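The structure presented is a predicted model; accordingly, all values stated were derived computationally and were not measured.
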Amino acid sequence: MFSIYGKLFTLLRASFFYSGRTARREFWLFLLFYILMFFAALGADVTYYRQQEASGFLLWLHAAMGNREPFVPLHLLLLSPAMIAITIRRLHDRGLEGWWGLLYLIPFIGLFPMVAMLARKGQEGFNRFGPNPLDMAALARRDVATSRSAYDSAPVHSPSPAE
């Protein structure tokens, strides 16, 4: 479970980097997180602001947002740059320029080719946007496994009865 949180933190940390590549699993995990956070923000807006009067900081936030519910716009403001960046990096993994992400803007029609492009397997090996993220993950797992096996096979000094 902690690896999911670590992966989300890594993706959020890299939210303003548009170069490189992102694997399918990372993209869909972040998309799921993005959608869940959207519904959480929507639920917070609906339940809190439509059932009771805002006070304190929430009243100020409500006024700052033009007397609208603030959680969905804050969600969009905070997480949309990360979603755009990870989409561009996912397109890079397929060997496509990030400008293909503008297909999202075509109403009704643009969603289907984008989902098809983002769901397909990335290019094997190195492409013009960098190394394959799956190869890098495999190398990292191999390095961890070899360091663990080297640690496990290291001789252990046990005191002799004479000591």
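Nearest approach of W100 to M117, heavy atoms of both residues: CE3-CE, 4.0 Å. Looking at every heavy atom in both residues, Y104 comes nearest to L111 through CE2-CD1, 4.0 Å. Of all the heavy atoms in R90 and F27, the pair that sits closest is CD-CB, 3.9 Å. The two residues H92 and Y18 come nearest to each other via the heavy atoms CE1-O, 3.0 Å. Closest heavy-atom contact between A41 and H75: CB-CB, 4.0 Å.
When hydrophobic clusters are built by joining Ile, Leu, Val, Met, Phe, Trp and Tyr residues whose side-chain heavy atoms come closer than 4.5 Å, directly or via intermediates, L79 is grouped together with W28. L76 and L32 end up in different hydrophobic clusters when Ile, Leu, Val, Met, Phe, Trp and Tyr side chains are linked at under 4.5 Å. I109 and L96 fall within a single hydrophobic cluster, where Ile, Leu, Val, Met, Phe, Trp and Tyr side chains are chained together by heavy-atom contacts under 4.5 Å.
Counting non-hydrogen atoms of neighbouring residues, nucleotides and ligands closer than 6.0 angstrom, the CG atom of L36 exceeds 12 such neighbours.
The main-chain N or O of T22 is never found under 3.5 Å from a side-chain atom of R89 such that the two would form a donor-acceptor pair. With hydrogens and angles disregarded, no donor-acceptor distance shorter than 3.5 Å links the side chain of N127 to the backbone of R94. Here the side chain of D93 pairs no donor or acceptor atom with the backbone of A23 at under 3.5 angstrom.
Within the structure, salt bridge (Lys or Arg N to Asp or Glu O under 4.0 Å) pairs that include any residue of residues 100-118 do not occur (at least two apart or interchain). Judged as a salt bridge (Lys or Arg N to Asp or Glu O under 4.0 Å), not a single pair has a partner in residues 70-86 (not counting sequence neighbours). For residues 29-39, the set of pairs meeting the salt bridge (Lys or Arg N to Asp or Glu O under 4.0 Å) definition, not counting sequence neighbours, is empty.
Residues E26 and R21 are not paired through a salt bridge, judged by the lack of any N-O separation under 4.0 Å between the basic side chain and the carboxylate.
For the atom pair M83 CE and L78 CG, the distance stands at 15.5 Å (nearest 0.5 Å). Interatomic distance, L29 CG to I86 CD1, rounded to the nearest 0.5 Å: 8.0 Å.
Judged as a side chain to side chain donor-acceptor pair (under 3.5 Å), and not counting sequence neighbours, the contacts of S80 are Y34. A search for ring-ring contact (aromatic ring centres under 6.0 Å, His included) contacts involving F112 returns nothing, not counting sequence neighbours. Residues passing the side chain to side chain contact (heavy atoms under 4.5 Å, CB included) test with F39, sequence neighbours excluded: I35, L42.
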